[in-house]
Every structure is written in C-alpha cells, then in structure tokens.
Amino acid sequence: MIRLDFPKQGGLIPVVVQDADDGTVLMLAYMNELAFRRTVETRRATYWSRSRNELWVKGESSGHTQEVAEILIDCDDDTVLLKVRQTGGAACHEGYRSCFFRRVETDATVVIGARIFDPKEVYKK
C-alpha cells in the first residue's frame with residue numbers, strides 16, 4: 001500500500017486537481033486516508049469536505065464528476081496531484097470550469113471565467 005504522510009498535516013493532505021487533457025488547474029481539495037484509498041480503488045475523485053466533515057465524491061450532487069486519469073505524489077509524500085477528466089464542464093461549485101476564475105488586479109478581483117451553470121439551480125435544497 002502507498003504510504004502518504006497524513007499525520008504531518010493533521011490527517012489531511014492537499015490535492016491539486018488538473019485537467020488531464022489541457023492542464024488547467026481546476027481546484028484544490030483535501031483528502032484523508034479513506035478518501036485517498038477510495039479514489040485509488042474507484043478512479044472517481046473522492047475528497048474530505050472540511051466544511052461538512054465527511055467524505056465527498058465529486059459530482060454526487062451536481063453530476064459534474066471527475067474520472068481520475070493519473071495520480072501523482074510529491075517528493076515529501078504529503079501532496080497529491082490528480083489529473084482528471086471533468087464531466088459536465090464545471091469543477092467549481094460556483095458554476096465555473098475552474099475554481100480559479102478570478103484574477104487579482106491591483107486591489108480588486110476580476111472574473112475571467114464563464115459560468116457554466118447556475119449553482120442555485122443545481123444545488124436546490
């Protein structure tokens with residue numbers, strides 16, 4: 001079994017998520033050991049939700065899933081890079097392709113991405 005250094009950062013490791021085809025950075029998430037094992041076994045991106053304090057399979061609510069094409073581990077065994085194939089076009093819960101849809105310009109941010117879906121419609125509760 002692969003041994004990642006989960007204890008180093010309190011049980012969670014950061015996960016950089018990148019589009020497997022064009023290299024766009026889609027998001028940053030976190031995994032605990034169970035989320036990592038499930039991702040390796042199922043090849044569906046599974047994370048640990050810090051806000052909900054539970055496992056989170058990307059796309060369960062929105063349908064915008066991530067099929068894992070490749071899993072890379074950094075030199076310190078404490079960060080993961082997932083290369084994924086994003087379904088539905090959007091990785092961001094705000095409806096954008098990437099969570100990095102704003103650019104800093106002096107003292108403000110400017111939206112540089114196009115919204116793919118309306119979160120109010122997708123996440124009806």
Side-chain angles (χ1 to χ4, degrees):
M1 180 64 180
I2 301 160
R3 296 277 180 212
L4 297 179
D5 196 351
F6 290 98
K8 183 177 186 177
Q9 298 176 81
L12 297 177
I13 56 172
V15 183
V16 177
V17 184
Q18 183 178 37
D19 184 286
D21 297 319
D22 70 13
T24 300
V25 175
L26 300 175
M27 56 185 273
L28 173 77
Y30 292 87
M31 286 182 175
N32 64 6
E33 199 163 354
L34 180 57
F36 179 74
R37 274 200 321 266
R38 292 245 178 105
T39 298
V40 170
E41 292 166 3
T42 66
R43 303 309 276 191
R44 289 189 65 205
T46 304
Y47 306 107
W48 179 256
S49 171
R50 295 178 302 158
S51 59
R52 295 187 311 262
N53 205 33
E54 65 184 14
L55 283 181
W56 154 50
V57 179
K58 181 67 176 158
E60 276 184 329
S61 302
S62 67
H64 298 259
T65 61
Q66 293 176 341
E67 174 192 334
V68 176
E70 190 173 13
I71 302 171
L72 299 141
I73 308 298
D74 80 328
C75 57
D76 293 324
D77 295 327
D78 64 3
T79 304
V80 170
L81 170 63
L82 289 185
K83 293 190 179 186
V84 303
R85 294 209 165 72
Q86 179 72 50
T87 61
C92 179
H93 75 282
E94 292 287 326
Y96 294 89
R97 177 171 185 236
S98 168
C99 292
F100 301 95
F101 61 89
R102 296 174 291 176
R103 179 177 54 226
V104 173
E105 292 186 3
T106 311
D107 62 351
T109 59
V110 176
V111 173
I112 58 170
R115 186 169 261 157
I116 295 169
F117 70 82
D118 181 352
K120 291 176 189 161
E121 292 297 315
V122 172
Y123 302 111
K124 293 178 185 175
K125 289 187 178 181

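From a predicted model like this one, the values you see are computed outputs, not experimental measurements.
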Exercise for review: Among Asn53, Val15, Ile13, Leu34, find the one that has a side-chain contact (heavy atoms from CB on, under 4.5 Å) with Trp48.
Suggested key: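 The side-chain contact (heavy atoms from CB on, under 4.5 Å) with Trp48 is passed solely by Asn53 among Asn53, Val15, Ile13, Leu34.
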Quick check: do [X] and [Y] have side-chain heavy atoms less than 4.5 Å from each other?
| X | Y | answer |
| --- | --- | --- |
| Thr24 | Gln18 | no |
| Met27 | Val16 | no |
| Arg43 | Ile71 | yes |
| Leu82 | Met31 | yes |
| Leu4 | Phe36 | yes |
| Val84 | Leu26 | yes |
| Tyr96 | Val111 | yes |
| Gln9 | Tyr30 | no |

Once rounded to the nearest 0.5 Å, what's the spacing between atom [atom1] of [X] and atom [atom2] of [Y]?
| X | Y | atom1 | atom2 | result |
| --- | --- | --- | --- | --- |
| Thr79 | Asp5 | OG1 | CG | 10.0 Å |
| Arg37 | Thr42 | CZ | OG1 | 12.0 Å |
| Thr46 | Gln66 | OG1 | CD | 9.5 Å |
| Tyr123 | Ser61 | OH | OG | 6.5 Å |

Give a yes or no answer on whether the side chain of [X] reaches the backbone of [Y] with a donor-acceptor pair at less than 3.5 Å.
| X | Y | result |
| --- | --- | --- |
| Asp74 | Asp78 | yes |
| Ser98 | Phe101 | no |
| His64 | Gly88 | yes |

Exercise for review: Using the rule that two of Ile, Leu, Val, Met, Phe, Trp, Tyr join whenever any of their side-chain heavy atoms come within less than 4.5 Å, decide whether Ile2 and Phe6 are in one cluster.
Suggested key: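 Same hydrophobic cluster.
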Check your understanding: So if you build clusters from Ile, Leu, Val, Met, Phe, Trp, Tyr with side-chain heavy-atom gaps below 4.5 Å, do Val80 and Val40 land together?
Key ->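 As far as the 4.5 Å side-chain criterion goes, Val40 and Val80 are connected within one cluster.
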Review point. Checking side chain to side chain donor-acceptor pair (under 3.5 Å) against Asp19, which of Gln86, Lys83, Arg97 comes through?
Key: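 Exactly one option meets the side chain to side chain donor-acceptor pair (under 3.5 Å) with Asp19, and it is Arg97.
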Check your understanding: Salt bridge or not for Arg44 and Glu67, using N-O below 4.0 Å?
Key ->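 Looking at Arg44 and Glu67, the cut-off is not met.
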Practice item. Flag the pair Lys58 and Glu60 as a salt bridge only when some basic side-chain nitrogen lies within less than 4.0 angstrom of an acidic carboxylate oxygen. Key: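 Glu60 and Lys58: not salt-bridged.
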Point to revise | More than 12 heavy atoms of other groups within 6.0 Å of Arg50 CZ | key: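 At most 12 heavy atoms, drawn from other residues, nucleotides or ligands, come within 6.0 Å of this atom.
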Point to revise | Donor-acceptor side-chain pairing of Tyr47 and Glu54 below 3.5 angstrom | key: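 No, no side-chain donor-acceptor pair sits under 3.5 Å.
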Review point. Cut-off 3.5 Å, side chains only: do Thr65 and Thr87 have a donor facing an acceptor?
Key: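 Side chains of Thr65 and Thr87: pair found under 3.5 Å.
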Smallest separation among heavy atoms of [X] and [Y], with atom names:
| X | Y | value |
| --- | --- | --- |
| Cys92 | Phe117 | O-CZ, 3.7 Å |
| Leu55 | Asn32 | CD2-OD1, 3.8 Å |
| Pro14 | Leu28 | CB-CD1, 4.1 Å |

Review point. Can you check salt bridge (charged side-chain N to carboxylate O under 4.0 Å, His left out) on Asp77 and Arg3, steps first, answer last?
Key: CA-CA 8 Å; Asp77 295 327; Arg3 296 277 180 212; over 6 Å; no
